Amino acid sequence: MISIETLKAHLGKTVDLNAWVTRVRSSGKIAFLQLRDGTGFIQSVIVKNEVPEDVFALAKGLNQETSLKVRGEVRQDDRSPLGVELGIISLELYQSPQDYPITPKEHGVEFLFDHRHLHLRHRKPWATLRIRDELERGMHDFFSDRGFIRFDVPLFMSTAAEDTTNLFEIDLFGEDKAYLSQSGQLYAEAGAMAFGKVYTFGPTFRAEKSKTRKHLLEFWMIEPEVAFLDHQGNMQLQEDMLSYLVKRILDKKAYELELLERDLTKLEPASQGKFPRITYDHALEVLAKKGLGLEWGEDFGAPHETALGEDYDRPIFIEAWPTKAKAFYMQPFENDPDRVKCADLIAPDGYGELIGGSERIHDLALLEQRIKEHKLPEAALKWYLDLRRFGSVPHSGFGIGIERTLAWIVGADHVREVIPFPRMLTRMEP
RNA sequence: UCGGUGGUAGCUCAGUGGCAGAGCGAUCGGCUGUUAACCGAUUGGUCGUAGGUUCGAAUCCUACCCGCCGAGCCA
């Protein structure tokens, strides 16, 4: 038994293949079976006078998504887009389906996501999720190669890490409440003080009633955290990581990107690194010239991010944000307490913020003051303050959203396309 | 939550006051190189739901339900 992925290596040989039929076209004496096996797609040919009559009759009548085992000869054929095709000798059915819902025809978004469990089999979701696997594997490799420890964090929380977003509330046997995690960062900081360099990898939850192409209720995030790393080093780490990932996907997932008809010239610059770095103050000036003026201290909206990104061919850092616009744990500049050592990484083409990162406050007194200013629950953060009490060091980290990053890489219309089963306001099934 | 837009055959849609339609799919037949194949036939309906106006409503009115797009918030 071989796979489509390795078919070319068996040129001229007779092979067995477990597969599904995606499409049948037949003439009176020749039929073409489009096959997929999970590793790829291939066309097979069956000719009436080369096989027993019943085999040909069976083949030309196969329905979409029939599961079968075929035996055939791998042969070169310039008329096939892949260069090789399979000349069928015999076939054996596992199951013959009726009325497969996803026909070779345009379908609407709602219909396709109602049938997401089946849609995954089709070319575009298949290619997208293969690239997702490569992206995640690349992240693990990147951090592992640099001496990071993967550090798993809890998903149940007693309170919010930041005071900004809404949390999903969990009923604890009617006696108490917990919340689903919106970030593992505070725990990652504990990890960094124990292991030096750590990263978290897992799902995270935001109870925002957001209905845009950049939002899911449940999404996946990687949050690296590094002891003794400063703001500049943090940005460099982010740039190294993202350019590595883009390069790796361009190298290893060319076929999938081609299926998705991704314009590779939109990705190649990012694989070279050298992400532009502009300050928040400078960004305000640029935005003002584009007719998108903001007051100093205001956060950017989607139109602002898109407008800033359009001047560059790769992601850009916006750094040194107003202290009052950002989270409580961010380290201010020594000579400018109104601005913090943080950066958002904005993707090109309106895909929005891929990464938010910062140097963290390591001074106990300042952190205590910020917790009071933000009216955060001090008791629940007592352990977090211990990290500053016992051997505190400058440290930095960031969080990168996998779906947004992948949506940008594959050129998806919406983040729901880049996760197997999206969870949104209007979708909990399948 | 706000603004916009939509809901008609399995799917994608047309029909805007007068017999419920097309393409695709499916089924059957034809065709030896097809790529969303092609040709012929057959099949196909709670017009989102409820109420109202009218001789007559998919079409006009009211309310509600469910999507989609955008905004805010964020990754």
Side-chain angles (χ1 to χ4, degrees), chain A residues 22-34 41-50 56 60-61 63-64 75 77-82 85 87 97-115 119 122-123 160-167 181-185 202-223 238 298-306 325-327 344-347 350-357 398-408 413-416 418-419 424-427:
Chain A
T22 64
R23 189 80 183 125
V24 177
R25 276 182 293 274
S26 73
S27 297
K29 292 169 186 167
I30 187 168
F32 301 94
L33 306 187
Q34 304 293 334
F41 299 84
I42 187 79
Q43 170 163 280
S44 62
V45 187
I46 185 162
V47 178
K48 189 174 184 180
N49 62 20
E50 291 177 3
F56 184 77
K60 69 178 285 189
N63 291 329
Q64 202 181 347
R75 55 200 191 203
D77 195 311
D78 297 335
R79 288 168 296 190
S80 163
L82 292 176
E85 61 183 19
Q98 297 290 322
D99 299 322
Y100 182 72
I102 305 177
T103 56
K105 170 69 183 172
E106 284 178 39
H107 297 284
V109 168
E110 187 180 9
F111 181 83
L112 288 177
F113 281 92
D114 280 346
H115 297 85
H119 191 213
H122 295 242
R123 280 176 167 78
E162 305 176 24
D163 48 350
T164 50
T165 55
N166 296 316
L167 304 174
S181 172
Q182 40 137 239
S183 168
Q185 180 201 311
T204 192
F205 306 89
R206 301 283 167 90
E208 301 286 349
K209 293 192 174 181
S210 302
K211 291 166 73 171
T212 80
R213 68 193 192 109
K214 294 183 290 196
H215 288 87
L216 296 169
L217 298 185
E218 174 187 294
F219 66 97
W220 290 66
M221 193 156 66
I222 284 201
E223 293 179 291
Q238 294 167 43
E298 282 188 284
D299 205 347
F300 299 160
H304 307 97
E305 288 179 353
T306 304
K326 286 292 180 182
D344 287 355
L345 187 72
I346 309 293
Y351 284 97
E353 183 186 337
L354 303 182
I355 298 179
F398 62 93
I400 176 167
I402 287 177
E403 286 75 16
R404 281 194 189 170
T405 304
L406 185 58
W408 163 61
D413 293 330
H414 194 298
V415 287
R416 68 185 161 215
V418 305
I419 186 168
M424 306 188 291
L425 269 180
T426 58
R427 179 155 305 279

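Remember, it's a predicted structure, so these values are computed and weren't measured experimentally. Residue numbering restarts at 1 for every chain, and letters A, B, ... go by the order of the sequence lines.
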- Message: Quiz question: going by heavy-atom distance under 3.5 Å, is there a donor-acceptor pair between the base of B:G33 and the side chain of A:E85?
- Response: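 Yes, a donor-acceptor pair under 3.5 Å.
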- Taking atom types as they are modelled, is there a donor-acceptor pair under 3.5 Å from the base of B:C74 to the side chain of A:H215?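 By the distance-only test, yes, there is a pair.
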Counterpart base for [N], defined by Watson-Crick or G-U wobble contacts under 3.5 Å:
N     : result
B:G29 : B:C39
B:A20 : none
B:A50 : B:U62

- Message: Salt bridge or not between A:D114 and A:R427? Use side-chain N to carboxylate O under 4.0 Å.
- Response: yes
What distance, rounded to whole Å, do you find between the two [atom1] atoms, one in [N] and one in [M]?
N     : M     : atom1 : result
B:G67 : B:U8  : C1'   : 16 Å
B:G52 : B:C66 : C1'   : 23 Å
B:A58 : B:C47 : C1'   : 5 Å
B:C13 : B:G17 : C1'   : 22 Å
B:C65 : B:G51 : C1'   : 15 Å
B:U54 : B:C64 : C1'   : 23 Å

- Task: Provide, to the nearest angstrom, the distance between the NZ atom belonging to A:K209 and the C1' atom belonging to B:C73.
- Result: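 A:K209 atom NZ is separated from B:C73 atom C1' by 13 Å.
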- Item | Separation of B:C69 C1' from A:M424 CE (nearest whole Å) | 13 Å
When all nucleic acid strands are considered with a 4.0 Å heavy-atom cut-off, which category describes [X]: base, sugar-phosphate, or nothing?
X      : result
A:K48  : nothing
A:T426 : sugar-phosphate
A:E305 : base
A:I102 : nothing
A:A302 : sugar-phosphate

- With distance as the sole criterion, is a donor-acceptor pair present between the side chains of A:T103 and A:Q64 under 3.5 Å?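 Not at all, the side chains of A:T103 and A:Q64 share no donor-acceptor pair under 3.5 Å.
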- If anything within 90° of 0 is syn and all else is anti, what is B:U16?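 B:U16: syn glycosidic orientation.
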- Of all residues at least two apart in sequence or in a different chain, which pass the side-chain contact (heavy atoms from CB on, under 4.5 Å) check with A:T212? A:K214, A:H215
Using nucleotides 24-27 of chain B, report all nitrogen or oxygen pairs with the protein that are shorter than 3.5 Å.
residue, atom, partner, partner atom, Å
B:U27, OP1, A:N63, OD1, 3.1

